[in-house]
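Sequential numbering from 1 along the given sequence is applied to the chain's residues. Both counts, for ligands and for their atoms, begin at 1 and track the order of listing. Hydrogens, waters and symmetry mates are skipped; everything else that's a heavy atom, side chains included, is used.
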Amino acid sequence: MEKKYILALDQGTTSSRAILFDKTGQMVGVAQKEFTQIYPKPGWVEHDPMEIWGTQSGVAREVLETKGIRPQEVAAIGITNQRETTVAWDKNTGKPIYHAIVWQDRRTAGICDELREKGLESYIRENTGLVVDAYFSGTKVKWILDNVKGAREKAARGDLLFGTIDTWLIWNLTRGKVHVTDYSNASRTMLYNIKELKWDEKLLDELGIPASMLPEVRPSSEIYGVTDRETFGGAEIPIAGVAGDQQAALFGQTCFEPGTAKNTYGTGCFMLMNTGEKAVSSESGLLTTIAWGLDGKVEYALEGSIFIAGAAVQWLRDGLKLIDSAPDSEYYAGKVKDTEGVYVVPAFAGLGAPYWDMYARGAIFGLTRGTRKEHIIRATLDSLAYQTKDVLGAMENDSGIRLRALRVDGGAVTNNLLMQFQADILGVPVERPAVTETTALGAAYLAGLAVGFWSKEEIANNFRLQAVFQPNMDEETRAKLYKGWKKAVKRTLNWEKDEE
Ligand SMILES: Nc1ncnc2c1ncn2[C@@H]1O[C@H](COP(=O)(O)OP(=O)(O)O)[C@@H](O)[C@H]1O
Ligand SMILES: O=P(O)(O)OC[C@H](O)CO
C-alpha cells in the first residue's frame with residue numbers, strides 16, 4: 001500500500017495531539033485530547049503516565065479513523081514531547097511507580113540548593129549546558145528514588161527504568177521492546193554530558209542514580225523500532241523520529257542554519273537559536289542544549305526557557321475566571337488601549353531564563369481604583385511579550401547576532417494583539433508561518449527523513465509564512481514600558497525565601 005503520510009505524536013504539557021502530514025508538509029488531520037493536571041501541593045505538578053499513554057495512543061487511532069486512513073498508509077511515526085518530565089516504571093510490569101513529575105514542578109528546589117552548596121554549579125553548566133534548577137529531570141529522578149517506597153531497591157536490582165515522555169511512549173508503542181531517547185531529550189536531564197555525548201558518571205554518582213535505569217541515547221532521525229501490532233490494527237509502523245518539542249519546533253521552522261531562531265508560545269515560551277556544531281556557552285542566563293542528532297553529527301542551540309506563557313492565559317480562564325476561553329483574552333485586551341501602568345509578572349513556578357529564580361512568585365503591580373479586568377488581561381498578554389524580550393536580549397548578547405525578525409509558533413500565536421505587541425516591544429518584525437503546528441511538523445520531518453519520505457531540500461521548500469507583524473511603536477514608549485517591566489520583575493525575585 002502506498003505510504004502517503006507521516007504521523008506526528010505531539011505529547012504536550014496540557015494535551016496529547018496526533019497530526020497527519022502529507023508530502024507537501026500540509027496538515028491532513030488532527031486529533032487532540034487534554035488530560036488531567038495534578039497539583040498535589042503548592043509548587044508540585046504531576047501527570048498520570050497511563051493517562052498520557054492512553055490519550056496519546058487514543059488520538060493517534062482517532063486521527064486515522066476520522067480521516068479514513070489506514071495505518072498501512074503511514075510511512076513513519078515521529079514523536080515530540082514536553083521535555084524534562086520524568087517517569088519511572090517497573091521494567092517487568094511496565095507500570096509506573098509514581099506519577100510523572102512535570103517540568104514545572106518545584107519540589108526539588110532543595111536538592112538543587114544542595115548541589116550548589118557542594119560546588120557543582122560550574123561543573124553542571126560546563127558539562128550539561130544547564131543551570132542548576134528543579135526544571136530538569138535529574139533531581140526529579142533522585143526525588144523518586146528517595147521518596148517512593150521500594151524504589152531504590154528496585155533500581156538496585158536493575159528493575160526500574162527512567163524515561164522522559166518520548167522514552168515512555170516508545171516503550172509503550174513497542175510493548176516494552178525498546179528503551180531509548182534521542183540527544184535532544186537527553187540534553188534536558190541534567191545527567192547527560194553534551195560535550196562527551198554520554199551519561200555523566202559524576203552527576204549520576206552525586207544524585208545516586210544507577211546507570212541501569214537510563215535509556216540508550218540515539219540520533220533524532222532513525223528507525224528505533226516498529227509499533228506493536230495491537231496498537232494500530234495489525235500494522236507495524238516504524239518509529240523513526242524523536243525530538244523534544246522545542247527542538248522539534250526549531251526543525252519544523254526550518255532553522256537549519258546557525259543564527260536562525262524561533263520562539264514557541266505554548267504553556268511556556270521557548271526561544272531557541274541554532275548554533276550549529278558549536279556548543280555556545282551563555283553569559284546571560286541561557287541554556288546550551290542539543291538541537292538534534294542528524295546526519296552523523298550533533299548540532300547545538302542556545303535556549304531561553306520561560307516557564308509560564310500560555311499558562312498565564314489559562315490562569316485567567318480557570319483561576320480568575322476572567323475569560324471563558326483563551327481566545328477571549330484578545331477580545332478583552334482589545335477593549336483598552338494599554339494597561340494603564342498595570343504589570344502582571346506570572347512567576348507562578350519561579351522564573352526561568354534569564355533570571356533563574358526558583359523562589360520568585362507571581363504578582364500584579366500598578367493597580368489603581370481605575371483598573372479593570374481588561375487591563376489585567378492585557379497585562380497578562382503583555383507579560384508573554386516582555387519575557388520574550390528579556391530572553392531575546394540575552395540571546396543577542398551571547399550570540400553576538402542581532403535578529404532580523406522573530407519566527408513564532410505555538411498555540412498563543414493566533415492572538416494577533418499579542419503578536420503586534422510583541423513586534424512593538426521588540427522593535428523587530430514577528431513572522432508567523434502558515435503551519436503553526438511546527439512542533440509536530442518538526443517531528444514528522446525527522447521521521448520522514450529517516451525513511452526517505454522527504455529530503456532536507458524538500459523540507460526547506462515547504463516553508464511558507466502566513467503573516468508578518470511590523471513594529472509600530474516609538475522608541476521612547478518602548479523603553480518606558482520595558483523599564484516598568486524590569487522594575488516589576490525585580491520585586492518578585494526571591495519572594496518565597498525573603499525573610500524581611
Ligand atoms: N488566542 C489565544 N491567546 C492567548 N493564548 C492562547 C490563545 N490560544 C491558546 N492560547 C494558549 O496557548 C496554550 C496552548 O498552546 P499549545 O501550543 O497547545 O501548548 P502546549 O503544547 O504547551 O500544551 C495554552 O496555554 C493557551 O492558554
Ligand atoms: O508542552 P509545551 O509545549 O509547553 O513544552 C514544554 C517544554 O518542553 C518544557 O521544557
Side-chain angles (χ1 to χ4, degrees), residues 8-17 19 30 32-35 37 45 47 52 55-56 80-86 100-105 130 133-137 140 164-166 184-185 187-190 243-250 252 262-272 287 289 303-319 322-334 346 348-349 352-353 377-378 380-385 408-422 432 436-443:
L9 307 184
D10 177 3
Q11 207 302 301
T13 311
T14 54
S15 73
S16 298
R17 263 192 297 254
I19 304 184
V30 53
Q32 172 167 4
K33 195 156 173 50
E34 287 202 13
F35 56 85
Q37 305 292 315
V45 189
H47 294 155
I52 286 188
T55 52
Q56 190 61 74
T80 182
N81 54 290
Q82 54 165 327
R83 307 165 303 165
E84 300 96 13
T85 298
T86 297
I101 304 185
V102 178
W103 57 277
Q104 294 156 319
D105 191 294
L130 308 174
D133 194 274
Y135 176 24
F136 307 106
S137 321
K140 300 183 197 290
T164 40
I165 297 296
D166 54 319
S184 70
N185 275 294
S187 74
R188 312 300 297 183
T189 58
M190 217 176 81
D245 56 9
Q246 303 310 323
Q247 287 92 332
L250 189 70
K262 67 86 203 180
N263 195 28
T264 301
Y265 301 71
T267 305
C269 208
F270 299 86
M271 192 187 297
L272 270 76
L287 307 174
T289 203
E303 170 172 328
S305 330
I306 296 164
F307 295 151
I308 303 289
V313 179
Q314 287 174 330
W315 167 73
L316 292 176
R317 185 192 66 183
D318 306 336
L322 293 183
I323 51 178
D324 290 330
S325 71
D328 278 0
S329 61
E330 183 168 1
Y331 168 76
Y332 285 108
F348 306 147
I377 294 168
R378 186 157 190 145
T380 304
L381 289 179
D382 288 359
S383 75
L384 277 62
V408 300
D409 55 51
V413 302
T414 51
N415 190 316
N416 290 329
L417 182 138
L418 169 61
M419 291 299 104
Q420 185 56 50
F421 185 71
Q422 185 69 87
R432 185 167 66 193
T436 53
E437 294 285 358
T438 50
T439 298
L441 186 57

- Query: Which one holds for Asp245 and ligand 2: side chain close, backbone close, both close, or neither close, with close meaning a heavy atom under 4.0 Å?
  - Reply: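 For Asp245, only side-chain atoms sit under 4.0 Å from ligand 2.
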
- Query: For ligand 2, does Arg188 get within less than 4.0 Å through its side chain, its backbone, both, or neither, judged by non-hydrogen atoms?
  - Reply: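 Neither part.
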
- How long is the gap from CD on Glu330 to CD1 on Ile323, to the nearest 0.5 Å?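 Spacing of CD (Glu330) from CD1 (Ile323) equals 11.5 Å.
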
- Atom OH of Tyr265 and atom CZ of Arg432: how far apart are they, to the nearest 0.5 Å? 11.5 Å

Backbone or side-chain N or O of [X] under 3.5 Å from ligand 1 N or O:
X      : result
Gln32  : no
Asn415 : yes
Thr267 : yes

- Heavy-atom distance under 4.5 Å between the side chains of Tyr135 and Ser305, does that happen here? yes

- Message: Under a 4.0 angstrom heavy-atom cut-off, which atoms of ligand 2 come close to Gln82?
- Response: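 Those atoms are 1 (O), 8 (O).
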
- Which of the atoms in ligand 2, numbered in the order shown and given with their element, are less than 4.0 Å from a heavy-atom of Gly12?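 It comes down to these atoms of ligand 2: 1 (O).
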
- Backbone, side chain, both or neither: what part of Ala311 comes under 4.0 angstrom of ligand 1, heavy atoms only? backbone

Any chance the side chains of [X] and [Y] put a donor and an acceptor closer than 3.5 Å?
X      : Y      : value
Arg188 : Ser137 : no
Thr264 : Asp409 : yes
Thr14  : Glu34  : no

Identity and distance of the protein heavy atom lying nearest [atom]:
atom                    : result
atom 17 (O) of ligand 1 : Gly411 N, 2.9 Å
atom 9 (C) of ligand 2  : Glu84 OE1, 3.3 Å
atom 23 (O) of ligand 1 : Thr14 OG1, 2.7 Å
atom 21 (O) of ligand 1 : Arg17 NH2, 3.7 Å
atom 24 (C) of ligand 1 : Gln314 NE2, 3.7 Å
atom 7 (C) of ligand 1  : Ala326 CB, 3.6 Å
atom 5 (N) of ligand 1  : Ala412 CB, 3.5 Å
atom 27 (O) of ligand 1 : Gly310 O, 2.9 Å
atom 1 (O) of ligand 2  : Thr13 OG1, 2.5 Å

- Between Phe348 and Trp315, how do the two ring planes meet: parallel, tilted or perpendicular, split at 30° and 60°? tilted

- Atoms of ligand 1 less than 4.0 Å from Thr414 heavy atoms?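 Answer for ligand 1: 1 (N).
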
- Message: Closer than 4.0 Å to some heavy atom of Ser329 - which atoms of ligand 1 meet that?
- Response: 3 (N), 4 (C)

Please determine if [X] has a nitrogen or oxygen closer than 3.5 Å to a nitrogen or oxygen of ligand 2.
X      : value
Arg83  : yes
Trp103 : no
Tyr135 : yes

Exercise: identify the closest heavy-atom pair between [X] and [Y]:
X      : Y      : answer
Ser187 : Gln247 : OG-NE2, 4.2 Å
Met419 : Ala412 : CE-O, 4.4 Å
Gly244 : Ser184 : N-OG, 3.0 Å
Asp105 : Lys140 : O-NZ, 3.2 Å

- Only one of Leu384, Asp382, Thr380 passes side-chain contact (heavy atoms from CB on, under 4.5 Å) with Leu418; say which it is. Leu384

- Item | Test applied, side chain to side chain donor-acceptor pair (under 3.5 Å); reference residue, Asn81; option that passes from Asn185, Asp245, Thr164 | Asn185

